Protein chains: 2
Amino acid sequence: MTIDKDVQKKIAAHPLFEGVARSQLNWLLNVGQAQSLPKQAYLYHRGDQSGFLYVLLTGHIKLSVPAERGSEKVLEFLGPGDVFGESALLPGTTLIADAQALQTCELLVIAAADVMTVVTRAPFLAQKMLANLSKRVQALFRDMESVSLLSAAQRVAEYLLRQPREGNQAHLPYHKRAIASKLGLQPETFSRSLQQLAADGLISVRGAKVVIHDADKLQAMLA
Amino acid sequence: MTIDKDVQKKIAAHPLFEGVARSQLNWLLNVGQAQSLPKQAYLYHRGDQSGFLYVLLTGHIKLSVPAERGSEKVLEFLGPGDVFGESALLPGTTLIADAQALQTCELLVIAAADVMTVVTRAPFLAQKMLANLSKRVQALFRDMESVSLLSAAQRVAEYLLRQPREGNQAHLPYHKRAIASKLGLQPETFSRSLQQLAADGLISVRGAKVVIHDADKLQAMLA
DNA sequence: CGAAGGCTTGAGACCGCTCAAGACCCGTGG
DNA sequence: CCACGGGTCTTGAGCGGTCTCAAGCCTTCG
């Protein structure tokens with residue numbers, strides 16, 4: 001199994017592999033496979049046995065678990081550079097979540113059996129993986145903390161403050177329903193919290209555009 | 001900085017390093033340091049800059065964040081073999097939780113600057129670290145799922161089913177207050193949930209001893 | 001025996017959830 | 001260009017599970 005020439009180039013040019021020796025990179029391209037995933041498609045489902053470790057090169061992916069009545073709980077949004085499918089590293093376990101592409105995605109796929117080899121032959125990638133998994137643990141810690149300690153409005157405020165802003169305007173990157181779920185809220189509660197913050201003069205909402213009028217007060221809400 | 005002879009032996013004999021070549025092990029013992037942590041002591045605090053990665057050899061550690069009124073939110077209980085202090089791998093970040101020893105603990109300490117070297121020289125450990133971090137991500141996923149989707153009694157039932165049993169008796173390994181916090185509950189609610197399960201005839205509680213009368217019905221509660 | 005800490009029990013309040021309906025947004029096709 | 005339709009989001013009303021506050025109990029340890 002080899003990878004298309006142009007896809008190889010795309011991978012080699014990827015920021016994730018900046019400063020990596022060409023020899024290591026070439027070797028990695030032989031071991032790994034590239035995979036493209038169209039918008040809305042599922043990469044895997046909860047309960048599958050994967051056997052593969054994934055590195056997300058482009059696009060965004062949503063990890064979630066099904067809940068009652070066709071609903072779902074969003075566990076994590078993944079972006080470029082994130083490493084996932086970690087069950088592959090744990091013998092005897094199955095995947096714990098669904099992985100769905102939010103946009104068209106490019107992935108690097110590594111067979112579980114090759115992971116040990118990758119660690120020895122491409123330690124740079126091993127270290128990136130360690131750093132990335134650490135980042136994810138930290139993010140999950142933050143989430144647990146928010147869900148347990150903050151009110152609905154506080155969680156929304158915290159989320160808004162974490163979004164990238166152009167000027168004082170932020171853009172909600174996913175459906176409100178999905179963001180609400182990630183924050184551990186019902187869509188109705190998320191909506192009401194946004195209205196609340198708007199009524200207090202801290203923000204203005206129009207669709208997915210949110211204008212942050214007073215970031216300091218938003219921040220102060222979290223105390 | 002070297003390590004006591006007997007501590008070296010203890011580390012070498014540790015299950016975590018089973019099947020590791022003596023040369024790698026010796027090298028590791030030069031890079032890493034052993035640290036002992038008495039019961040109740042804090043290894044670090046939220047906000048500290050650590051610069052160290054820790055491998056827990058013996059004992060249990062509690063990761064938590066302070067909450068209002070001298071209370072705290074327990075994020076994770078760690079046991080032997082767990083790797084933590086992961087902020088060390090992420091430049092520019094500080095530790096996100098407090099780490100407190102629940103019993104006397106033995107740790108292997110690795111300076112962040114040496115991690116890359118460890119990955120190249122002791123890939124076995126790098127792989128264990130990857131696997132362990134993956135396990136932690138999975139555990140956090142499960143926790144998020146429970147907190148978001150399950151009622152208080154369901155969370156307690158799930159927790160009880162996960163505890164090791166001798167016969168049909170389980171033992172709550174930490175203070176009920178701490179377990180409650182880990183489950184995202186107030187101590188009062190945890191207590192009431194246990195009473196509820198007892199009233200339904202599924203368990204009996206006496207102090208930290210819990211007898212599971214009907215594991216199947218407990219399991220069925222989670223649907 | 002007394003004190004301290006952890007746990008339990010009770011009563012009441014509140015936040016977020018549920019259910020239901022209506023409004024908005026946007027792509028599609030006439 | 002406009003009307004339509006599906007999906008998404010908002011708004012309203014009422015309910016209920018969990019939290020809060022407060023007191024009492026039990027165990028442990030000095």
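The chains referred to below are lettered A, B, ... by the order of the sequence lines, with proteins before strands, and numbering in each begins at 1. Since the model is a prediction, treat every value here as computed from it, not as a measurement.
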For B:Leu185 and for A:Gly207, find the nucleotide of DNA chain D with the closest heavy atom, then tell me which residue's nucleotide is more 5'. A:Gly207
I want to confirm an ordering. Mapping B:His175 and B:Arg192 to their closest nucleotides on DNA chain C, which one lands closer to the 5' end? B:His175
Could you report the tightest heavy-atom contact between A:Pro173 and A:Ile179, atom names first, then the distance? CD-CD1, 4.2 Å
Testing the basics here: between B:Asn132 and B:Val83, what is the closest heavy-atom pair and its distance to 0.1 Å? OD1-N, 2.8 Å
In degrees rounded to 10°, what angle is found between the helical axes fit to the five outermost pairs at each end of the helix from C:dC1-D:dG30 to C:dG30-D:dC1? 40°
Tell me: [atom1] of [X] to [atom2] of [N], nearest whole Å?
X: B:Arg177; N: C:dA4; atom1: CZ; atom2: C1'; result: 14 Å
X: B:Tyr174; N: C:dG6; atom1: OH; atom2: C1'; result: 18 Å
X: A:Leu172; N: D:dT10; atom1: CG; atom2: C1'; result: 15 Å
X: A:Arg206; N: D:dC9; atom1: CZ; atom2: C1'; result: 15 Å
X: B:Leu149; N: C:dT18; atom1: CG; atom2: P; result: 10 Å
X: A:Gln195; N: C:dC24; atom1: CD; atom2: P; result: 13 Å
X: B:Leu150; N: C:dC17; atom1: CG; atom2: C1'; result: 16 Å
X: B:Lys209; N: C:dC7; atom1: NZ; atom2: C1'; result: 17 Å

Please work out whether the ring planes of A:Tyr44 and A:Phe84 are parallel, tilted or perpendicular, with thresholds of 30° and 60°. tilted
Counting only side-chain nitrogens and oxygens, does [X] get under 4.0 Å of the OP1 or OP2 atom of [N]?
X: A:Ser191; N: D:dT10; result: yes
X: B:Ser151; N: D:dG17; result: no
X: A:Thr189; N: C:dC17; result: yes
X: B:Arg69; N: D:dC21; result: yes

Between [X] (side chain) and [Y] (backbone), is there a donor-acceptor pair under 3.5 Å?
X: B:Gln49; Y: B:Thr94; value: no
X: B:Gln154; Y: B:Met221; value: yes
X: A:His45; Y: A:Asp98; value: no

Measuring from the side chain of A:Glu188 (C-beta onward, heavy atoms only), which nucleotide among D:dT18, C:dC19, C:dG16 has the closest atom? C:dC19
Tell me which nucleotide among C:dT8, D:dT10, C:dT18 gets nearest to the side chain of A:Gln186. C:dT18
With a 4.0 Å cut-off, would you call A:Glu72 and A:Arg46 a salt bridge? no
